[in-house]
**Q** 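Can you keep this structure in mind? I'll have questions shortly.
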Amino acid sequence: MDRESFTGNRRRKLVPWLVKSEPSVYSIEDLRRDQVTSWEGVRNYQARNFMRDMQPGDKVLFYHSNATPPGVAGIAQVRKRAYPDPTQFDSASPYFDAGSKNDAPRWDLVEVAFERAFERAVTLEQLRSDAALAGLLVTARGSRLSVVPVSDAHFARIVTLAES
DNA sequence: GCCAACGTTGGC
DNA sequence: GCCAACGTTGGC
């Protein structure tokens with residue numbers, strides 16, 4: 001991340017992101033219905049660290065994984081900065097983490113708001129084959145991170161593909 | 001359902 | 001710190 005874009009803990013410039021969700025668990029249409037949701041259940045340190053760098057107003061590409069076809073289904077926006085994910089302390093939750101202590105929470109979530117659903121998703125196949133999207137983290141070999149940053153140019157290109 | 005490519009855990 | 005075993009992700 002660009003250090004000069006930070007002022008203390010606050011970034012001046014907005015940064016685009018991409019988050020993954022299985023639509024059978026939570027889809028862009030679920031977010032349209034809810035308008036705002038807590039992005040709970042992230043249990044990977046690298047993804048968590050990216051979430052901690054999100055700031056309200058940042059655009060978020062909403063990617064449907066394990067979908068047919070997989071792809072970017074729409075856009076959300078960060079509404080609230082990262083704070084401890086309560087599901088880590090809930091023994092009834094699938095996201096429960098017995099190793100996380102109340103006085104030192106391991107996992108955070110952010111709140112995201114619905115912005116728009118694409119009429120046609122930008123498929124993984126499109127993401128891979130488009131020359132302008134070379135270097136996109138989502139299509140990198142072995143990439144499994146559920147939260148990744150996206151460059152401004154890649155973000156704009158994906159929106160263009162969605163509208164073409 | 002399969003399985004490659006990861007990340008995490010825990011014994012040593 | 002190493003690394004084998006195990007669990008998870010996610011495309012197919």
Side-chain angles (χ1 to χ4, degrees), chain A residues 1 15-34 37-54 58-78 81-112 114-151 153-155 157-162 164:
Chain A
M1 213 69 16
V15 173
W17 305 90
L18 180 145
V19 300
K20 299 179 185 174
S21 180
E22 299 190 26
S24 62
V25 176
Y26 197 83
S27 71
I28 188 80
E29 292 307 322
D30 291 325
L31 182 56
R32 187 208 295 275
R33 176 199 63 214
D34 297 341
T37 197
S38 295
W39 205 259
E40 64 188 28
V42 172
R43 294 294 180 269
N44 171 285
Y45 288 104
Q46 214 178 332
R48 180 205 66 185
N49 292 343
F50 282 137
M51 262 197 331
R52 286 180 173 174
D53 196 31
M54 287 178 165
D58 282 354
K59 304 283 189 187
V60 180
L61 295 169
F62 195 120
Y63 180 90
H64 281 169
S65 59
N66 269 313
T68 46
V72 179
I75 302 176
Q77 192 176 121
V78 177
R81 293 185 154 289
Y83 61 91
D85 179 348
T87 65
Q88 69 196 302
F89 303 121
D90 177 3
S91 60
S93 168
Y95 303 126
F96 178 63
D97 180 358
S100 184
K101 305 301 173 197
N102 273 281
D103 55 354
R106 266 182 199 164
W107 308 113
D108 282 1
L109 55 73
V110 293
E111 291 178 13
V112 299
F114 178 79
E115 186 165 309
R116 57 184 282 212
F118 294 150
E119 282 185 37
R120 277 164 299 137
V122 180
T123 65
L124 177 58
E125 188 180 6
Q126 283 179 282
L127 297 178
R128 281 179 174 148
S129 62
D130 193 277
L133 292 177
L136 193 69
L137 284 176
V138 191
T139 50
R141 179 174 160 278
S143 170
R144 300 186 317 175
L145 283 180
S146 60
V147 180
V148 290
V150 177
S151 72
H154 285 166
F155 182 89
R157 178 61 184 161
I158 289 168
V159 173
T160 298
L161 288 173
S164 63

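This structure is a prediction, so every number in the text was calculated from the model and none was measured. Naming: A, B, ... by sequence-line order, numbering from 1 per chain.
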**Q** Could you tabulate the donor-acceptor pairs under 3.5 Å formed by side-chain atoms of residues 114-121 of chain A, not counting sequence neighbours?
**A**
from, atom 1, to, atom 2, distance (Å)
A:Glu115, OE1, A:Lys59, NZ, 3.0
A:Glu115, OE1, A:Gln77, NE2, 2.9
A:Glu115, OE2, A:Lys59, NZ, 2.9
A:Arg116, NH1, A:Glu163, OE2, 3.2
A:Arg116, NH2, A:Glu163, OE2, 3.2
A:Arg120, NH1, A:Ser164, O, 3.2
A:Arg120, NH2, A:Ser164, O, 2.8

**Q** Below 4.0 angstrom, which residues in residues 122-134 of chain A have at least one non-hydrogen atom near DNA chain C?
**A**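 The answer is A:Leu124, A:Arg128.
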**Q** Is the backbone of A:Tyr95 close enough, under 3.5 Å, to the side chain of A:Ser93 for a donor and an acceptor to pair up by distance?
**A**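 Looks like yes, one N/O pair under 3.5 Å.
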**Q** Nucleotides 7-12 of chain B: which of its N/O atoms have a protein N/O under 3.5 Å away?
**A**
from, atom 1, to, atom 2, distance (Å)
B:dG7, O4', A:Arg144, NH2, 3.2

**Q** Could I get the full list of side-chain contact (heavy atoms from CB on, under 4.5 Å) partners for A:Asn44, not counting sequence neighbours?
**A** A:Gln46, A:Ala47, A:Leu145
**Q** Going by the salt bridge (Lys or Arg N to Asp or Glu O under 4.0 Å) test, which pairs reach into residues 89-101 of chain A, not counting sequence neighbours?
**A** A:Asp97-A:Arg106
**Q** Let me know, please, whether A:Ser143 or A:Asn66 comes out on the 5' side of the other along DNA chain B by nearest nucleotide.
**A**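 Comparing both residues, the 5'-ward one is A:Asn66.
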**Q** Tell me, please, which residues at least two apart from A:Ala132 pass side-chain contact (heavy atoms from CB on, under 4.5 Å).
**A**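 With sequence neighbours excluded, A:Ala132 shows a side-chain contact (heavy atoms from CB on, under 4.5 Å) to A:Asp130, A:Arg157, given in chain and number order.
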**Q** Test of understanding: with side-chain contact (heavy atoms from CB on, under 4.5 Å), list the residues that count as partners of A:Asn49, not counting sequence neighbours.
**A**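 A:Asn49 satisfies side-chain contact (heavy atoms from CB on, under 4.5 Å) with A:Arg52 only.
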**Q** Going by the rule salt bridge (charged side-chain N to carboxylate O under 4.0 Å, His left out), which residues pair with A:Glu22 if we only count those two or more places apart in sequence or in a different chain?
**A** none
**Q** For A:Glu125, enumerate each residue passing the side-chain contact (heavy atoms from CB on, under 4.5 Å) test, keeping only those at least two apart in sequence or located in another chain.
**A**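 side-chain contact (heavy atoms from CB on, under 4.5 Å) list for A:Glu125, sorted by chain: A:Thr123.
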